[in-house]
Number of protein chains: 2
Amino acid sequence: MQATALRADTHIAPVAGHIGGRVQLTSTLDLPGFNMTFARGEEVFGEEEPADFVYKVLSGAVRTTRILSDGRRQIGGFHLAGDVFGLELNGAHRFSAEAVVDAEIALVRRSAIDRACERDSAAARELWNLTSRDLERLQDHMVLLGRKSALERVASFLLDMSRRAPCGQAVDLPMSRTDIADYLGLTIETVSRTLSQMERDHMIALPTARHILLCDRRGLANLDA
Amino acid sequence: MQATALRADTHIAPVAGHIGGRVQLTSTLDLPGFNMTFARGEEVFGEEEPADFVYKVLSGAVRTTRILSDGRRQIGGFHLAGDVFGLELNGAHRFSAEAVVDAEIALVRRSAIDRACERDSAAARELWNLTSRDLERLQDHMVLLGRKSALERVASFLLDMSRRAPCGQAVDLPMSRTDIADYLGLTIETVSRTLSQMERDHMIALPTARHILLCDRRGLANLDA
DNA sequence: CGTTGCATTGAAATCCCTCAAGCGAGGTGG
DNA sequence: CCACCTCGCTTGAGGGATTTCAATGCAACG
C-alpha cells in the first residue's frame, strides 16, 4: 500500500454504510473497494510507487504528471468523473497523480483485479479494454504534440473537454492555465494568448477564465485538423 | 480480411512446410498463423481498416503512421524484428502501417487471439501486457514530444535504437531522415543539423547516413534528460 | 555518365518562448 | 469595511529554437 493511502486514513469514507464497500469500476465490473477524498493539489500516488491500487474518479478531477530532472513537466492526461486511472500491469506507476480540484476517488486493490481476471475472461477483457482506450487517447495526443500548432492544440483541447464534461454550450475547466500548457506542450502565456485570439475571432467567449463558451464549434473543429 | 492481405497472396510464404503454420507471438504464446513479405514502402494495413490480424515483425522494420488532412505526418512508432504491432481491441486500426525496408511479417487472426483469451487467462494477460507495454512506450514518447528539445529528442532516439537493434557500438538505421523527423516531431533539416552538431561535438560519428557510431553514450544519456 | 532519391547546409522567416509588467478576484487582517 | 496580499491570468516586447525555402552534395543505379 502506498504511503499516501496509509497516511490519509482520515480521508477514507465508508461506502454506503458497509464496512466492505463495492466499486463499480466499469459498467460490467463491480469489485470490492473503498472511497477516499483528496484535496486540491494533493497527491494520489507518486511516480515509481508500487501500483497496488486502481482508481476511479467519482467527482472532481485528477491529473497524471511526469517531471523531468530540470523541472519541466508533462501532464499525461486529465481524469474526470467516471474515468479510471492508475491501472498499471508492471508493478510501479510511471506517472504521479494529483487532484486538480477536491476529488472523491474510489480505490480497488490490484489483487482484487487480478483475482477477477483469473476467474472471469469477460472481466479481463473489460480491463484490457480500459488500457486499450488509454492507448488510443495517447495516440491522438501524440499526433497533437508532434504535429499540431498552438491554435490547433487549444481547439482540440476545448472540444475534447466539452465532449467529456458537457455543460451545454460551455466548458467548465477544473484546471489552471499552467495545467493546460503542460498538457498541450505549450507555455501558459501561449495558452492564454491563444484563448484571447479565439475570443477576438468570436470562436469562444470567456466570461471567466475557467468558464468558456464555445460559440463556433464548427470553426474549432476545422482547426482540429 | 483487409484488401492488402487479399491482394498480396503472392507474398504468402508457407511456414516450415505445413499448410497451417504457427506463429510464436510472444515467448509463451504460440498461435496458428502465416507469414508474408512486404517490400520497402508497401502498406501492411491502412488507417480505419478492420483490424482482423495481429502482426509480428520477423525481419526488417515497420512504421505506423497517421496523416493529417493537410499532409502532415506523425509516425507512432517503429517496429523491429520481434515486435508485435497492429493489436487493436476495437475493430479498426487507428494508424496505417508500412514496411520501412523489406520485411517478413507473421500474421495471426484476431479470431484466433480471441479464442485463446477465452480459454486461457494467462494468454489474455500476456496480450494485455503487450498493450500495456505499448502504452508505456507511448507515455515516454509523449513526454519527448511535449517537452524535449531537438537535441534531446535525437539523443533519446539514438539510444533507444541502439538498445533495440544492438550492433556493437553502432546503430544501423533502417529508416530515412524524413521518418525520424516525423517520429520525433521535427523537420528533416533539424534532424540532419542535430546529427551534424552531435558529430562536431564528438558524441557520434557518421560513416554513412544510416550507420551511426555512438562515441559518447554518457553524453547522449545526459541529453536524454 | 546522367538521373534519381536522400542527406546536408545556408539564409531568412516564423512561431512560440522568455522575461517582465499589469490586472483582477478572493481571502485575510487590521 | 477597506487596505493589502496573493495567486492566477493576461498582455507586451524581445529573443531564440526550429521551420521554411533554396541550393548543393553524394551515392546508387540504369
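To find a chain, count down the sequence lines: A is the first, B the second, and so on, and within it residues start at 1.
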Is the shortest side-chain N/O distance from B:Ser196 to OP1 or OP2 of C:dT9 below 4.0 Å?
yes
In whole Å, what is the span from the CD1 atom of A:Ile212 to the C1' atom of D:dC9?
12 Å
Does a side-chain N-to-carboxylate-O contact under 4.0 Å join B:Asp182 and B:Arg63?
no
Under 3.5 Å, which protein N or O atoms sit close to an N or O of nucleotides 24-30 of chain D? Give each pair with its distance.
none

Would the number of heavy atoms belonging to other residues, nucleotides or ligands and lying under 6.0 Å from CZ of A:Arg40 be above 12?
no
If the plane angle is over 60° it's perpendicular, under 30° parallel, otherwise tilted; pick one for A:Tyr55 and A:Phe45.
tilted
Is atom CD of A:Glu47 surrounded by more than 12 heavy atoms (other residues, nucleotides or ligands) closer than 6.0 Å?
yes
Expressed as a whole number of angstroms, how long is the span from A:Arg200:CZ to D:dT10:C1'?
11 Å
Integer-rounded Å distance: D:dA17 P and B:Leu184 CG
19 Å
Return the value, rounded to whole Å, for the distance between atom CG of B:Leu195 and atom P of C:dT8.
7 Å
Set of side chain to side chain contact (heavy atoms under 4.5 Å, CB included) partners for B:Arg94, sequence neighbours left out
A:Glu136, A:Gln139, A:Asp140, B:Arg66, B:Glu88
Just call it for B:Ser176: base, sugar-phosphate, or nothing, with non-hydrogen atoms closer than 4.0 Å on any strand.
sugar-phosphate
Kindly indicate whether the side chain of A:Met175, heavy atoms from C-beta on, has any atom under 4.5 Å from the side chain of A:Ile75.
no
In whole angstroms, how far is the C1' atom of D:dT10 from the CD1 atom of A:Ile204?
13 Å
To the nearest angstrom, how far is A:Glu199 atom CD from D:dT10 atom P?
9 Å
Would you indicate whether the side-chain heavy atoms of A:Leu25 and A:Leu127 approach each other to under 4.5 Å?
yes
Distance in angstrom units between B:Met198 CE and C:dT8 P, rounded
13 Å
In whole angstroms, how far is the P atom of C:dC23 from the CZ atom of A:Arg177?
19 Å
Check the side chains of B:Arg217 and B:Ser162 for a donor-acceptor pair under 3.5 angstrom, ignoring hydrogens and angles.
yes
Out of D:dG8, D:dT10, C:dT8, which nucleotide sits closest to the side chain of B:Ala209?
C:dT8
Within the 4.5 Å heavy-atom criterion, are A:Met161 and A:Ile212 side-chain neighbours or not?
no
Protein-nucleotides 14-17 of chain C N/O pairs under 3.5 Å:
unit_1 : atom_1 : unit_2   : atom_2 : d
C:dC16 : OP1    : A:Ala150 : N      : 2.8
C:dC17 : OP2    : A:Thr187 : N      : 3.3
C:dC17 : OP2    : A:Thr187 : OG1    : 3.2
C:dC17 : OP2    : A:Thr190 : OG1    : 2.4

